[in-house]
Amino acid sequence: MKMKISQALRQLIKTMEEHANETKAMQMSAYMKNKFPFYGIQKPQRVEILRAWKKSHPDEVLSWNSELIKMLWEQPERELQYCAMELMNAWKKKMKQEHIQDLVYCITHKSWWDTVDYLSASLAGEYFKLYPKETNEIISGWNSTHDLWLNRSAILFQLKYGKETNLELLESIIQTHKSSKEFFHQKAIGWALRTVARWHPAFVRRIAEESGISALSRREALKHLS
């Protein structure tokens, strides 16, 4: 099976290389602070390439494929991490409990906001809906670790929960990081509060005014509240 996955991956890489655009690659890399090389393939074209590739390799993409995810994540070019996330998104309704390990691997490797935010809100958030009894233990671990990106994931995983957001849990997570000078903590706190303000404005106003969050977090939290 590993050989088949390797062959399939080589075909995807070959197609990406054929569509590479050096000028766009430099622009896309610069946008990401030159942390990652790019092929220079923008999302619409990348989605089409991945769709065609999936049709050519149906056996490899029938269900969640941890081996394929990790192999994609290990590739240098950033578009291949985006492909891994799109595959995981297609499989997310059928996630099993052990697949949280794949999410943690992706959150903590080649970490930057472009992957971590998607992994948190779209994938980890869905995982904890499927397995709610795991939420407190896992999120507590993410929240207390020294890994910035797991912290950010703990803050953001409920972004798509809307009125079902666990406010007590969110407040507890915010309390852990409210004094942090780290931009990615402060911005995440503000984003999480701004999102939930649509359903729970009184909660957001209280946190913004009384909890001692940073000025950046407060400004973001209250952006859409009069």
Do the side chain of [X] and the main chain of [Y] share a donor and acceptor less than 3.5 angstrom apart?
| X | Y | value |
| --- | --- | --- |
| Tyr127 | Gln97 | yes |
| Ser122 | Leu119 | no |
| Gln81 | Thr115 | no |
| Asn21 | Gly40 | no |
| Ser111 | Ile107 | yes |
| Gln75 | Met71 | yes |
| Thr165 | Leu167 | no |
| Lys110 | Glu74 | yes |
| Thr108 | Val104 | yes |
| Ser211 | Ala208 | no |

Is [X] linked to [Y] within one hydrophobic cluster, defined over Ile, Leu, Val, Met, Phe, Trp and Tyr using a side-chain heavy-atom separation of less than 4.5 Å?
| X | Y | result |
| --- | --- | --- |
| Met16 | Met26 | no |
| Trp149 | Tyr105 | yes |
| Leu50 | Val47 | no |

Can you find a pair of side-chain heavy atoms, one from [X] and one from [Y], that are under 4.5 Å apart?
| X | Y | value |
| --- | --- | --- |
| Leu80 | Leu12 | yes |
| Asp102 | Trp73 | no |
| Glu164 | Gln158 | no |
| Gln11 | His57 | yes |
| Trp91 | His99 | no |
| Lys96 | Trp64 | no |
| Ile69 | Cys106 | yes |
| Asn65 | Leu87 | no |

Flag if over 12 foreign heavy atoms under 6.0 Å of CD, Gln101: no
Enclosure of Arg198 CZ (heavy-atom neighbours >12, cutoff 6.0 Å): no
Pairs meeting criterion ring-ring contact (aromatic ring centres under 6.0 Å, His included) with involvement of residues 14-48, two or more places apart: none
Do you know the tightest heavy-atom contact between [X] and [Y]?
| X | Y | result |
| --- | --- | --- |
| Ala154 | Ile139 | CB-CG2, 4.0 Å |
| Glu60 | Ile5 | CG-CG1, 4.3 Å |
| Leu123 | Lys92 | CD2-CB, 4.0 Å |
| Leu72 | Cys83 | CD1-C, 4.5 Å |
| Ser153 | Ser120 | OG-OG, 2.8 Å |
| Ala8 | Trp53 | O-NE1, 2.8 Å |

Report yes or no: do [X] and [Y] form a side-chain donor-acceptor pair below 3.5 Å?
| X | Y | answer |
| --- | --- | --- |
| Trp191 | Asp117 | no |
| Ser29 | Arg78 | no |
| Ser214 | Lys178 | no |
| Asn143 | Thr176 | yes |
| Asp114 | Tyr82 | yes |

Residues which pass side chain to side chain contact (heavy atoms under 4.5 Å, CB included) with Lys163, listed by chain and number, not counting sequence neighbours: Trp199, His200
Ile41 and Met28: CA distance, side-chain angles, deciding distance, side chain to side chain contact (heavy atoms under 4.5 Å, CB included) verdict: CA-CA 9 Å; Ile41 300 172; Met28 293 166 77; 5.9 Å; no
Short N-O contact, [X] and [Y], less than 4.0 angstrom:
| X | Y | value |
| --- | --- | --- |
| Glu171 | Arg206 | yes |
| Glu17 | Lys14 | no |
| Glu220 | Arg194 | yes |
| Glu209 | Arg218 | yes |

Ring pair (Phe, Tyr, Trp, His ring centres under 6.0 Å) partner of Phe157, chosen from Trp142, Tyr118, Phe128: Phe128
Residue pairs, two or more places apart or on separate chains, that pass salt bridge (charged side-chain N to carboxylate O under 4.0 Å, His left out) and touch residues 126-145: Lys93-Glu126
Arg46 side, atom CZ; Arg51 side, atom CZ - distance, nearest 0.5 Å: 11.5 Å
CD on Gln186 to CD1 on Ile155, rounded to 0.5 Å: 10.0 Å
Test side chain to side chain contact (heavy atoms under 4.5 Å, CB included) applied to Ile207 and Leu170, step by step: CA-CA 10 Å; Ile207 297 297; Leu170 177 59; over 6 Å; no
Parallel, tilted or perpendicular: ring planes of Phe184 versus Trp112, cut at 30 and 60 degrees: perpendicular
